[in-house]
Structure formats: C-alpha cells, structure tokens
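All remarks here apply to the structure that follows.
Owing to the predicted nature of the structure, the values given are computational and were not obtained by experimental measurement.
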Amino acid sequence: MAKDYYSTLGVSKNASQEEIKHAYKELAKKYHPDLNKAKGSEEKFKEINEAYSALGNEKSRQQYDTFGTAESSAGGGFHSGFQAGNFGFDFSDFFDEVFQGFGGMGGRRRGPRKGQDLQYELGIDLEDAFHGAEKTITFEKYAVCEHCKGLGGTNVEQCPTCHGRGVVQSTKQTVFGVFSATTNCPKCKGEGAVVKDSCKYCGGEGKVVKERKLHVKIPKGIDTGMSIRISGEGEAGERNAPAGDLYIILKVKKNSTFERKGDDLIAAVPLSFIQAVFGDEIEVPTVDGKARLKIPAGTQSETMFRLKGKGMHSMRTNESGDEFVKVRVEVPLKLSKKQKEILEEYAKHSDVSLQKGFFSKLKDAFSK
Ligand SMILES: [Zn+2]
Ligand SMILES: [Zn+2]
C-alpha cells in the first residue's frame, strides 16, 4: 500500500464516515496554508485532501481498502472524490475558492484580452472563382488607438492595489473557519498596471473603431462556404494584446449560364432538331471563352457532352474539373408553308401515323 490514508487522517481502519469527516475538518483547518504559514503545511494539507478524497465516500474507500489505491485520487484531482451535498452545503464551491490559494489551481491572473475575430461575407462572381481574383474590402473594426499607442493613456504604472500581481487576497467565513481566497484585482482587472491619465480618444481602452480597407487575394477554385483567414486583421486587443483574426466567408453568386457541381460545371445549350438529326459542330460557352463541340447525328435531347478540364480548378487535387454541355433539342414553333409541306412528306415516309393532321396536333400541344 503506497500511502496509509487512515494514518494521514489519524483515524482507525474501522472509523465511521462521520469520524473521517470530523478528522478531516480538524486537520484541514489546522494545515490550511493560508492559516498555517509553517514550512510543510501546504504539503501536509495536500496529503490530507488526498486522503480524504479516498476515504470520504464509501465507494472510493472500498476501492482503496481493496486495491490500496483510490481511483478518484489519481493524478491528485481530489475534486472528483467528493460528492456534492455531503455536508449540506455546496462543497465544490468551497474547494474552488480554497484551491485558488495554490498557484496553478485557479486565481489565474487575467491579462488584457485578445481582440475578437471578425467575419466578413464576400460575394464573388463565378468568373472570379474560376480565375482567382483580388478584391478590396472595406469594413469597420476596433483598431489600435494611435494617440496612446494602444496603452490606454499615459503614465502607466504598477497597480497600487495589488502591487502589480494582478490578484488580491480576500477572506471568507466558512464552516471550516476563515479562509482566504485569491481573486482578480478589482482595480486593474488582473493586469497589474493602471493608467494614470486615461487617453481621451479611446477612453482608456487602447482601441478605437476605424475603417479598414484591405486587398484580399481570392484563390482560384474557391467555392461558397469556404473561408479565408487573415491573421491579425480582426479587432485590436485590449491595451496592445494580440489582435483577432479576420475570416472572409466566400459566397459564389449564381451564374445564368453555368451551374456548378463541385469542380464540374454544367451548361445547357439549345440544339435545333435538324442539328440533332444530322449532327453539327456548334459553339458552346466555357468560363474561359467559346469552345467548339461536335454533335453526332441522331443526338437525343438532354444528352451531356464532356469538355475535359474546362470546369473549375480543384483546390483538393490541384487539377481542373470538367464542363458538361447538356443539349436541349428544340421543336420549331413556327414553320413556313414550304417547311410544313416537307415535314408532311416526311411523315408519310415514317412510321408515324397522324390521327389528326400532324400540324394541328402540334398546334394543340402548344396551346395547352
Ligand atoms: Zn487611446
Ligand atoms: Zn491591481
């Protein structure tokens, strides 16, 4: 058995929970480092707490009795061994305060706060996303006050309340007696320094709202929802603390010609039924300009043709996606007398048997 917690608390192995609790309270009062300045009292106080965390509740005590260790005290985290409400008051509150007395367990000195991150939503055209672009954005943010150079004023001196420590001791009456706790200094808010002559331009904050103009490089291939982080372009921190970051959230606007699907683009192109029947070579749009596309004879409506590598640049693979040209075969709405005759002649030579006149049927279809 590594440690005899019973002897640490000075109780027998058969001691009741009541006795253990009583012994612990007495010892905690006696060795609390804020009350007992003798050498080794802090160490002793920690041992007492460790012992109590093991024996103070039935479950961990059983574990300790059986295995010689108390799971709950592993790593010195005595908090976990306690069960709130054991003593009819909020035990955890008490310990939070007591432990603030030990460096590292609380009572952290709070320095000036880092500046906030900012978000800027930027809408760009598909062409910009395709080629990459450079944009200028303008926004308002807290920037370092030039008058006081971010210090908040002149005559910065050590805080007289905490003498630069940033924390102060305060005492509190508890069932264990009077304990002292460490809290942030109310005068300097934990910074350890105060400004004697507050800057009248920023009210002592060290930062003021200013307009900021920024050139932003948009990488090619960027898509809606992606963001660009610009480090240090968020709001200024308090009194020269680091600035936050700026996140530019991209939104690629809808395009009238191209529909984007990941790194691929889809463009719908009309095709006359004659072109579909005989085949043709047509001009199709790409984001980069016009391209030629061969349409084979007998092409059906909604057929997709692939233009390899004509899609968006992929930020994942560093290659380019494809463009798909979807042809939509169009039926003529108006026919000349000659065209009608030719098509009626065509109908006679095909399998189509027209119940009504072919063209009156067409007319019906369009008047619906
Ligand atoms: Zn200022
Ligand atoms: Zn202070």
Side-chain angles (χ1 to χ4, degrees), residues 1-111 161-186 189-190 192:
M1 209 170 274
K3 282 176 185 168
D4 187 348
Y5 289 146
Y6 289 102
S7 71
T8 303
L9 293 181
V11 293
S12 79
K13 287 206 159 58
N14 306 317
S16 68
Q17 279 299 306
E18 205 52 45
E19 285 169 316
I20 289 169
K21 184 165 69 183
H22 179 76
Y24 168 69
K25 271 178 157 184
E26 290 301 309
L27 289 166
K29 232 190 288 188
K30 189 171 164 193
Y31 288 105
H32 191 283
D34 284 336
L35 303 174
N36 187 336
K37 299 290 178 201
K39 210 165 164 262
S41 67
E42 183 172 325
E43 202 45 48
K44 182 84 180 155
F45 184 66
K46 281 182 183 169
E47 278 172 26
I48 294 160
N49 276 299
E50 190 183 324
Y52 185 69
S53 79
L55 306 182
N57 80 63
E58 281 301 339
K59 207 175 151 224
S60 64
R61 184 180 177 182
Q62 220 169 48
Q63 155 102 6
Y64 174 74
D65 286 345
T66 314
F67 302 105
T69 57
E71 206 172 37
S72 54
S73 68
F78 9 86
H79 266 90
S80 51
F82 293 118
Q83 284 177 341
N86 270 358
F87 296 86
F89 68 98
D90 192 348
F91 211 78
S92 58
D93 260 9
F94 168 72
F95 275 91
D96 277 344
E97 283 190 17
V98 169
F99 292 139
Q100 278 179 4
F102 305 119
M105 293 208 64
R108 285 168 305 265
R109 181 180 155 157
R110 188 183 77 85
T161 305
C162 64
H163 307 289
R165 289 178 61 222
V167 288
V168 288
Q169 299 278 318
S170 60
T171 53
K172 184 165 180 170
Q173 180 76 46
T174 72
V175 288
F176 293 98
V178 179
F179 286 101
S180 74
T182 307
T183 54
N184 259 330
C185 171
K189 297 191 182 70

So, taking the atom named CG in L9 and the one named CD in E26, what distance separates them when rounded to the nearest 0.5 Å?
12.0 Å
How many angstroms lie between CG in N57 and OH in Y52, if you round to the nearest 0.5 Å?
8.5 Å
Side-chain (Y64) to main-chain (Y5) donor-acceptor, under 3.5 angstrom
yes
E19 side, atom CD; L55 side, atom CG - distance, nearest 0.5 Å:
12.5 Å
Would you please name every residue forming a side chain to side chain contact (heavy atoms under 4.5 Å, CB included) with A23, sequence neighbours left out?
V11
For the CD atom of E43 and the CD1 atom of I48, what is their distance to the nearest 0.5 Å?
10.5 Å
Residues at least two apart in sequence or cross-chain that pass side chain to side chain contact (heavy atoms under 4.5 Å, CB included) with S7, listed by chain then number, are D4
Taken to the nearest 0.5 Å, the spacing of C185 SG from H163 NE2 works out to 9.5 Å
Contacts of Q17 that satisfy side chain to side chain contact (heavy atoms under 4.5 Å, CB included) - sequence neighbours left out
I20, E58, R61
Between T182 and V167 (side chain of the first, backbone of the second, donor and acceptor by atom type, cut-off under 3.5 Å), is there such a pair?
no
Could you walk me through whether F45 and L27 pass the side-chain contact (heavy atoms from CB on, under 4.5 Å) test, one step at a time?
CA-CA 8 Å; F45 184 66; L27 289 166; over 6 Å; no
How about Y6 and D65: does a side-chain donor come under 3.5 Å of a side-chain acceptor?
yes
Of all heavy-atom pairs linking G166 and C162, the shortest is N-SG, 3.1 Å
